[in-house]
Amino acid sequence: MKLPDTKEVQTEFKPKILAFCCNWCAYAGADLAGVSRFQMPTNVRVIRVMCSGRVPPELVIRALANGLDGVMILGCHPGECHYSEGNYLTRRRAHVLKRLLSYIGIEPDRFQLRWVSAAEGAKFSAVVKEAADKITALGPNRWGDKR
Amino acid sequence: MAKKSVLVIGGGIAGIQSALDLANMGFQVYLVEKTPSIGGRMSQLDKTFPTNDCSMCILAPKMIEAGRHPNIKLLTYSEVEEVAGDPGKFRVKIRKKARSVDEEKCTGCGVCMQKCPYKTDSEFQVGLAKRKAAYITFPQAVPNVATIDPDICIYIKSEGKKCGACIKFCDAGAIDFSQQDRIIEVEVGSIILATGFDLYDPSGLEEYGYGKIKNVITAMQFERMISASGPSGGQLQRPSDGKAPKNLAFIQCVGSRDTRHKLYCSSVCCMHATKEAILASEHYPDLKAFIFYTDMRAVGKRFQEYIARAEQEYKVTYIRSRPSEITENPDNGNPIVWYEETTARNRTSMEVDMVVLCQAMVPSGEQKKLSEMLNLKLNAYQFVDIPDRLFHPVDTEIPGVFACGFCQAPQDIPDSVVQASAAAARAAEFMSKEK
Amino acid sequence: MKATSEEVKTSVKKLFEDGSIGHFIGYEMGSDSLRVTPCFLKSGQAASRLVWNPLCANNLSKYLLDFGKVEGKVGIMVKGCDSRSVVELLKEHQIDRDKVFIVGVPCSGIVDREKLLAVLGVSPGEVVAVEDDGDAFLVTIKEGTRRVKKEQVLRGECLVCRYPTPVIYDMLIGEAVSSLPWVGDDYSSVKELEALSSEEKERYWSSELSRCIRCYACRNICPVCTCVECIFDKKAPRWLSKASDVSENLVYHLVRAFHVAGRCVDCGECERACPMHIPLRSLNKKVEKDILELFGYTAGIDVEQQPPLTTYQAGDLDEFL
Amino acid sequence: MAIPRIGVFICHCGTNIGGVVNVPEVVEYAKGLPYVVHAEANLYTCSEEGISSIKNNIKEHNLNRVVVASCTPRTHQPLFRNACADAGLNPYLFEFVNIREHCSWIHMQNRREATEKAKELVKMGVAKARWLEAQEEFESEVYPAAMVIGGGVAGMSAALNLANQGFEVHLVEKEPELGGRLLNLNRLFPINKAPDELVESIVKAVESHSKIKLHMPAVVKAASGYIGNFDVSIDEDGQETSFKVGVIIVATGAQVLKPELYRYGKLANVLTHLDLEQRLKDGELGEFQNVVMINCVGARIPERPYCSRLCCMTAIKNAALMKEINPEAKVYVLHRDLMTYGVEFEEYYRKAKEAGVRFIRYTPSKPPKVVGTKKVKSVKVYDELMDMEVELPCDLLVLATPLIPNDDNEELSRMLKVPIGDGGFFLEAHVKLRPVEFATDGIYVAGTCRWPADIRESVAQGYAAASEAAIPLRQGLVKVEAITATVDPRICKGCGTCVLVCPFDAIELKESKIRGLEGKIVAEVNAALCKGCGLCAAACPNRAIQQRGFTDVQLLSMVNALSGKR
């Protein structure tokens, strides 16, 4: 199957990225990043949930179909979930979802699962920078408002 | 049946913690604070080590909770005058000083502060800024009401003949110069002392030139300077010319561990100097900070890692030496720190833009008065004496009277909070026995 | 021995007679000789209508949901794939094992009607009968009987079927079939798509999904789509706009694939029902493949096995790049 | 639902937000958002002034939803919720937007984009607020008993305090004896007394207390439940016992590191301080003339960076004691920073110096070296002050090793669902202001299982934990934040997916009792067990189960708002 390259070259593309953060680790880590004044790109918007396991795949799919350039789920490190096992379930779902998204042509980097503890302000900012860089390199999400 | 009640003296973090614990347990608490707002020393801090949590941000919710708790009667701008009675049934007289402002009517809008023409040094800003005769100590004050300082208010001094700007401009009609000091009498089962600390005046250490060399300041002054809510909005401005310093020297053990001054270790200065050096380096990435220390006492959770971060990430230089003298370069006002290099054993010097003295901390001035009132023993350094320090670490020699936080020994915030809760537990236990 | 329509008729009749069942769900011939349709029986007399042949495509298991409140047991005829969706229904407490009587029939593949007509170059009315004959079908048309290799005309799911014999039953008619000779790599078509670049995949799926008219036939027929109120029918929140543009269709199909993740048994009903010929099984197969690779799980095998997305192992793959 | 009337309060936080984000611009933007009827800026929304403005505006504008854009809900949510409640608005009709930690503080160099981001965050908050619903908090009674795990000084102090306040206490100690680490000590610093009598008086008080039920030797086997209602089962001397408590205090202590340094365990005259104290106690120390003590053995090194807080004082104590036993002996303490913080420790140090103990500072880059093959004969150390290596004759080498976490911390952590942090010690809810609480309500921590601490600190923490534990015990009632799951039984198909994913066994499939649905099998949530994680809500295929405060419509509205959809 040979298809023409449709990748657009855009200058000054600033991707919009959504990050679901669990209340206990990732959100606290993001808070710590703030308190520590770790400077980072402005692309990421955080939605707080109590556990990464609260984020249903539907919401990730919806966000990407809405045209958001990337979606992240950030939770506690395995074994450190405030609810013991929420992040393990998230991890299983995320593996399946990431592969499914990739199957229809949504680049894997557009959906990321990362572990950030309450003490990892620096990691939070690193994760944000990395996501912003990678998604910027991918260019705009072509599935948004596709007709 | 009336609730059993407790008197907590001191509205800093320790007093607030004790008061909240007891109030949540269901006791009636009288929280007495001599200044116009609770919050204590912690409210003056910019950040707290080792997390760099914004101090006010974590303190404010507790202050507000204390301010609105139905079981806490907040008595600010008040001092204990007399304690009589016996353990389990102390009769306490509290002087509620005239604020010249009706606390019920005042909205804390601050118009009186704007209009008041008379100024004095701000205690909160450690003399780095002025405040008015009509003032609210700091923006998050609890209660958020104005106070009029009778020592400088011309209206009061002239017995109503002059000024009165505040009366004119207060829409709420809250200014009330007819207020008199009131004596409030309460009966309490138990008393908790949490009177905190004062800062040791470093001008007694003549070799460091505090008060003479403009660019030698204290750690608390630095704290206000680096704070976003400080007089310079977080900009470091050295006193001689307002320029931002490019290098800074912190001197540890100023008055502490010193045979001429205080023999004890003030316990928190190593860490707060490190914190201030980190904060300065964060604000000014090119700034160089030097910390002159005796022993680097980093004994708490994550403290060693904090020091390591200061060294590695912020390039803070730790120099193990106690400087012998600070002189001033007359050309540029730079302080020159004279010290002995530990290994080379040479007297050498370092010229910096500003020096921060980490002064000793001493029990608060009211401690002595209170101890006399209560007939309570103080130790050689005026800290509250704890007879069985190991197994009853918050019990004073008087049954039913407990002491927590800095008033009984130098300690950091978490240790003070622990002791404050411990004192609350002991008070609750004491009153349970006194059925 | 292969099961025959005759055996099915006698067995079911007997089940009615000895009181084992009060209802039966099976197949009967439909509007033309290439169609069978579901049939619902209330007594043994009608059992003569039943048929069993390589045209019995429908997965009847979803009809069990409609028989929740009837008296007595409901008998149902299941092929291998259908039996697996019965397992899923049992696992999710949608049916009561004590109220169903499962009549299993080993299946050696179902004819894809469209493929057959194309191969033979005939119209539906011209076919008289289709019979199973090992690796081929014997198709009787007016001109006589032709032997057509199964690989040419089997339905997609039958080409990769690993469970020709029902995994759960109360009665098995005919001899168990352990494997089908033509089944090789279950996921070769998935792998082909996986190998494409993101842009190529996007082009492919945009084109496929752009055809969806959102008739919801795939959902309605799916044996494991059992929700009382599908999230796509909800007003608040509205997960999907009415517009059937590609983005909305994407949401619909991806969410559907995810909702049946670890539950889909690849009975192929969705694709069979799709009027726009969207390769829906491809999405489901992709998920099935990943769940097998990641968690070693296959749906519809064991009622006691916990669904893969409701459990975990601490040592699950922790690599996301 | 009444038509939403949303009020938005945007905080300058002094210059913390206002210095980066153009707050007035965000206010103007907020005014244009759907259902927003009032928007304003506050210098500090958390100040009394800000709080009263919220209250006044709720009344003035008849607000039925409040959004505050300021700092983090993790610290300030209760405050603003209470403000709403004070003004008669259900506190769950409040939504928090974080534009400080998540915006102004991390985008200080980019004011334009920070302002745009703040607007979007506010838009998302308003979108969620539109769907907020009033909630009632679940209340449950507190069973008036406590379990204290660990019978050391911290645990005993906590137990006695609660018992004296009138609460029943189950004290669970794994050893057959109360007293913990103290039992191994020869003397206590800085009072230099033997611990025996002091400990005995506490042990007696514990043992004779009618309210304290002693379980010994016993270990906790299982614990389930929530604040006010924990079901605990323990193995007490081989027998399984179960009981119910309202609160749990963890005070399990720590152990002393046995080092693999300085030929410890290989040469007979190398001891840890704990070994030394045992020998002194048993009268088995024997003769000594030259004692060398090394501090920070196995501590303040890359793999174990922390300072164990009390070893310096232990070394000083034993060094002075060596001098006391044999005034002729030469006693050296080789140390790094000497951590004699506070009043008494500094004095303790001075007195030891006066008594003739020699202190030599070594640097970690040039650590002391042990000389000798069968026994230590001498110790070589680089003396920083003298700038030279000195060799100290030595017939007794004593190592100060740090406290390290107990091996069973991890098991307890899993059982109680409480976290372990730095270095394997238990992690408190907040290092500054909640030092003896776990993030999980109803479970508290004290003593050396939290971090190295000396006796007075451990006792104070024991009391402090008792103080926090006494609050729910005395209140007798706890409220659970209304973020628990709820089921719509009309939609629920009883598939049991939620039951499988719930980590707390809070959901059961039951026959519905609701009119019109009688007999239908549906999921039912036990609000007392539900901890509000929302796993069920994400797993439910038809969304019959929702997490209050984080419902699908709320989250989806935020996503749609962010992506510019309605």
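Reminder, nothing fancy here: chain letters follow the sequence lines and each chain counts from 1.
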Legend entry - Toward chain A: residues of residues 295-313 of chain C with heavy atoms under 4.5 Å: C:F295, C:P308, C:L309, C:T310, C:T311, C:Y312, C:Q313

Under a 4.5 Å heavy-atom cut-off, does chain A meet the side chain of [X], its backbone, both or neither?
{"X": "C:S244", "answer": "neither"}
{"X": "C:L254", "answer": "both"}
{"X": "C:I231", "answer": "side chain"}

Inset, instruction - Between chain A and each of C:S282, C:S247, C:A314, count heavy-atom pairs under 4.5 Å; write down the option with the most. - result: C:S247

Legend entry - Most contacts with chain A, counted as non-hydrogen pairs under 4.5 angstrom, among C:E293, C:K286, C:E192: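 Ranked by heavy-atom pairs under 4.5 Å with chain A, first place is C:K286.
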
Inset, instruction - List in chain and number order the residues that pass salt bridge (charged side-chain N to carboxylate O under 4.0 Å, His left out) with A:K123, two or more places apart in sequence or in another chain; answer none if no residue qualifies. - result: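 With sequence neighbours excluded, A:K123 shows a salt bridge (charged side-chain N to carboxylate O under 4.0 Å, His left out) to no residue whatsoever.
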
Inset, instruction - Examine the side chains of C:E88 and C:S85 and answer whether a donor and an acceptor come within less than 3.5 Å of each other. - result: no

Inset, instruction - Answer with yes or no whether the side chains of C:D82 and C:S61 bring together a donor and an acceptor at under 3.5 Å. - result: no

[X] and [Y] ion-paired at < 4.0 Å:
{"X": "C:E194", "Y": "C:K191", "answer": "no"}
{"X": "C:R155", "Y": "C:E271", "answer": "no"}
{"X": "A:E107", "Y": "A:R142", "answer": "yes"}

Inset, instruction - Using the ring-ring contact (aromatic ring centres under 6.0 Å, His included) rule, collect all pairs that involve residues 246-272 of chain C, keeping only residues at least two apart or in two chains. - result: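 Sorted pair list: C:Y216-C:Y252, C:F232-C:Y252.
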
Legend entry - Greatest number of heavy atom pairs closer than 4.5 Å to chain C - which of A:L64, A:V60, A:I106, A:V96: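 Option with the greatest count: A:V96.
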
Inset, instruction - Quick one: which of A:L89, A:I61, A:L100, A:I104 has the most heavy-atom pairs under 4.5 Å with chain C, could you say? - result: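 So the answer, after comparing A:L89, A:I61, A:L100, A:I104, is A:I104.
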
Legend entry - Heavy-atom closest pair, residues A:P140 and A:D69: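 Scanning both residues completely, I find the closest heavy atoms to be CA-OD1, 3.5 Å.
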
Inset, instruction - Using a 4.5 Å cut-off on heavy atoms from C-beta on, say whether the side chain of A:R62 contacts that of C:E248. - result: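 Yes, at least one pair of side-chain atoms sits under 4.5 Å.
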
Legend entry - Residue pairs fulfilling disulfide bond (SG atoms under 2.5 Å apart) with at least one residue in residues 49-87 of chain A, sequence neighbours excluded: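 Non-adjacent pairs meeting disulfide bond (SG atoms under 2.5 Å apart): A:C25-A:C76.
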
Legend entry - A:L101, part contacting chain C, at a heavy-atom distance under 4.5 Å: side chain

